[in-house]
Amino acid sequence: MTAVLLVVWISGILVAWRDRNNSLNDSGRLTEALTRVVAERISGSLRGLDLMLQDVDIHSRERSDPTELLNLMRHRSAGLPEVRNVFIINADGKVTSSTLPSMLGLDLSRRPYFMTAAQTPIHGHLIITPPSVSPVTGKLGLVVARPITSPVGTFAGLIAVALNPEFFSGALSGVVEGDVDRAVVANMDGNVLARLPDPGLHVGSSIRSGPLFSDYLPKARAGTFIAPSSFDGQDRLASYQALNHQPIVVSVGITTQAALRRWTVNTLVMAGIGLLFSTVLLGAALQLERRERERRGAETALKASEESYRILVDDQDDLIHRYTQDTTLITVNRAYARFYGQTPDSLIGRKWIEFLPDEERTFSLSCLQALNHIQPYREDRRRVVRPDGQELWIEWRTTALYDALDNLTGYQTVGRDVTDSHRAQQAISEREELYSQSFHRNPAIKLLIDPKSGAITDANDSAALFYGYPADVLKHMNIQDINVASAAEIEHEMAAVENEGRKFLRFRHRLSSGDIRDVEVYSSPLHVGGRAYLSSIVVDVSDRNRFEAELQAKTAELARSNAELEQFAYVASHDLRQPLRMVTSYVTLLERHLGETLDESSREFIGYTISGVRRMDALIKGLLDYSRVGRGGETLSDLDLEEVVADSCANLGLTGSSDEATVLVEHPLPRILGISSELIRLFQNLIGNAVKYRHPERKPEIRLSSRRQGNEWIITVEDNGLGIGAEHFERIFGMFQRLHAEGEFEGTGIGLAICRKIVTTHGGRIWVESEEGAGSRFMVALPASRAAARGLATH
Ligand code: ADP
């Protein structure tokens, strides 16, 4: 700044100096011109005067008449008002002729000009005396004289005029004007002949010792110089010119002060402007410096604050980072670096956009670019996959940063791990979605009811469909609008749900069509946000109720006819045996009575009769047994099948080491809840059949085993007997169904029917698997769990 000012000022000074010289040159040209004008004027006047003197000289030689000469002199001088007197001095110094009579005869030989002329007559040149007070006239005047030469060329005297000094000062008139303040006419001796201003004051004074005569005139007859004035000591710019043919020097001057006035003013103005400019510049410089100082101060403060900011942010768990517009990282905290498995230093200068998957980059950049002064802040939640593959949800809060001049300098983003809360929120929204779907998109009719007011707060589409109201309308209705029961009843029933834990309520609901439907309302009390709700599923049971009623009626009818039938079967079988026994007894008595009289054929007939009657008895007994199953009134008890099977074998006369058959039991057999006598009968029938339907070539071998399957025990009775054809698997469990002829195997065909009834009344199943000739496997499935057994108890 100083250097600039220095250059400006030096340039200014140089320009000023050049202008000064120009101004001086201009003034010099002015004074030179004026000097020439004055010189011309004086030269002209003196030439006129000289011509007059020459004329007088010529006439003085030609005419001897003094009066005529005097007249001529008077006549010729009349045109020159400054000429006071024309006179002729002879070689001795006496005035021989004069237009002023008083001078006639005067001896002027001692006058300096005469003496000079007499001693060194310079022909053709005028002598001009310094102004002095004339002893003759007593006036200030000067003498201009022209030497006269004799015909032989010797000094013959002078022709002279006494002049009013105004002769010269008149030539100066009009010159001293404006800045030009001085004009001098001097003779060659330095005597001042005229001077402006103050013409009278300096006449007679000498400027011989002045710079013009001492320094400049000796070197050149004309010129311009600057020097202190001989008169007032002021510096002046002066031009001078020595006349060519007369001993006169003319000088016109101007004080340098005046010559340089305009320059001075200009320079002062320029200097003022310069000063102003410098001041402004200096002020600006100072201001700039102050700003710079402030900036540095601010920078230092900023650095300090950046440092404390860095320390602060470094300790944060949030992911803090600052970056430029192209996401080049400038500052990152430790948490951010750690997040990417890096050190802070290694991240600086890298672009975080490169950490993102390709498909997310454009969107992320456009989000940044959307920030501006009005909206400099943005929050978004994004899924981020860390370098180690861990998937996190981060909430990024980004702020655009602007400097004091509102230029965007970059961005700061603070990321917070919100994975847990995000997942929690997601779980909530999933649950809400689940609720919404399970509630609204459910085929069941669902209502959400405020138990206090009975207001329906929510209803699903199925409800809208069922009740015939749009869902929105239904949501603004009260349960009393659709429930036929009185408000008090409804309230009482709903309270039962809350207080007594009733699972469902039976109501009658009115549809928009006016139809009234029987419904079961399954309500569960809910408490959400301090409010109680009844979540209700409405089941239209009108049809079911009707069916149930019909079914009940039919069941009752069936039970009644069954009971009648069973009663009939029991009575019939019981009562039929009596006459059969009588038939047997009497036929036997008849046979005994007739004794020897009976021929062989009659005996044979009687034998058939008794056998038929016995068979009928067996059949009736079987029928009686069958009808007795489940009617014994015995209670269920916890039975060990091992014992049941052992009892069955004992009843059949079978032991493990029996010669007739081998019974193998795979221990242990389970415990079963059942009726002891019936289960003994069951296994007795099955094992008995296995022995009965033995293979002719094999000793019967019966294997009993059990296995658990779900809630059942499957007990298998396997034999190595005749086997059964697959087409008979179902048939053999029917009443009186036999696969063999009467004579082949004894039996009534009721045993397996009784088995099925026993198993069925125990809540189980029975079936057979077999291959003809290879043996049979009878399977009995009985309930295993206590619950199933309990169900059986109520059967
Ligand atoms: P019954 O033995 O009195 O004839 P069941 O009802 O006990 O009557 O049996 C019906 C029929 O099933 C039998 O006649 C027999 O043909 C056949 N049967 C039953 N058990 C077996 C068995 N273990 N092996 C082969 N056939 C059998």
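Quick caveat: nothing in here was measured; it's all calculated off a predicted structure. We count ligands from 1, going down the list as the structure has it; atoms in each ligand are counted the same way. All values below come from the heavy atoms of this structure, side chains included, with hydrogens, waters and symmetry mates left out.
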| task | May I ask whether Ala690 places a heavy atom under 4.0 Å from ligand 1? | result | yes
| query | Should you measure from each heavy atom of Lys692, which atoms of ligand 1 turn up under 4.0 Å away? | reply | 1 (P), 2 (O), 3 (O)
| request: Taking all heavy atoms of Glu712 and all of Arg708, pick out the closest pair and write down the distance. | output: O-CD, 3.4 Å
| task | Pull out every atom of ligand 1 sitting under 4.0 Å from any heavy atom of Gly751, numbered as shown with elements. | result | 5 (P), 6 (O), 7 (O)
| query | So, is Gly747 polar-close to ligand 1, with some N/O to N/O distance under 3.5 Å? | reply | no
| Are any non-hydrogen side-chain atoms of Arg577 and Lys621 less than 4.5 angstrom apart? | yes
| field | Residue pair Gln684 / Arg681, side-chain donor-acceptor N/O under 3.5 Å | value | no
| Of the protein's non-hydrogen atoms, which lies at the shortest distance from atom 21 (C) of ligand 1, and what is that distance? | Tyr693 CD1, 3.1 Å
| Are Glu548 and Gln552 linked by a side-chain donor-acceptor pair shorter than 3.5 Å? | no
| request: Look at atom 8 (O) of ligand 1 and find which of Gly749, Pro700, Gly775, Ser770 reaches it with the closest heavy atom. | output: Gly749
| query | Quick one: salt bridge (charged side-chain N to carboxylate O under 4.0 Å, His left out) pairs with a partner in residues 420-431, sequence neighbours left out? | reply | none
| query | Between His728 and ligand 1, which part of the residue brings a heavy atom under 4.0 Å of the ligand: side chain, backbone, both or neither? | reply | neither
| Nitrogen or oxygen atoms of Leu752 and ligand 1 under 3.5 Å apart | yes
| How close does the nearest protein non-hydrogen atom get to atom 4 (O) of ligand 1, and which residue and atom is it? | Arg738 NE, 2.4 Å
| note | All heavy atoms of Asn720 vs all of His695, minimum pair found to be O-CB, 3.8 Å
| Ile750 contact mode with ligand 1 (heavy-atom cut-off under 4.0 Å) | backbone
| said: Can you report which non-hydrogen protein atom sits closest to atom 16 (O) of ligand 1, along with the distance? | reply: His740 CD2, 2.7 Å
| said: Counting non-hydrogen protein atoms only, what is the nearest one to atom 10 (C) of ligand 1? Give residue, atom name and distance. | reply: Gln737 O, 3.1 Å
| task | Could you tell me whether some N/O pair between Gly723 and ligand 1 is separated by less than 3.5 angstrom? | result | no
| task | Kindly indicate, with the supporting measurements, whether the criterion side-chain contact (heavy atoms from CB on, under 4.5 Å) is fulfilled by Ile479 and Ile490. | result | CA-CA 9 Å; Ile479 197 68; Ile490 297 170; 4.0 Å; yes
| Do Ser776 and Glu769 meet the criterion of a side-chain donor-acceptor pair at a distance under 3.5 Å? | no
| note | Closest heavy-atom pair, Ile714 versus Ala781, reported as atoms and distance to 0.1 Å, is CD1-CB, 3.7 Å
| field | Protein contact to atom 7 (O) of ligand 1 [nearest heavy atom, distance to 0.1 Å] | value | Asn689 ND2, 3.0 Å
| task | Taking atom types as modelled, find out whether Gln437 and Tyr435 have a side-chain donor-acceptor pair closer than 3.5 angstrom. | result | no
| said: I need the nearest protein heavy-atom contact for atom 12 (O) of ligand 1: residue, atom name and distance, please. | reply: Ile732 CG2, 3.7 Å
| query | Does any non-hydrogen side-chain atom of Ile482 lie less than 4.5 Å from one of Tyr467? | reply | yes
| Who's the nearest protein heavy-atom neighbour of atom 23 (N) of ligand 1, and how far? | Asp719 OD2, 3.1 Å
| Nearest protein heavy atom with distance in Å, relative to atom 3 (O) of ligand 1 | Thr748 N, 2.7 Å
| query | When only distance counts, is Glu746 in polar contact with ligand 1, meaning an N/O pair under 3.5 Å? | reply | no
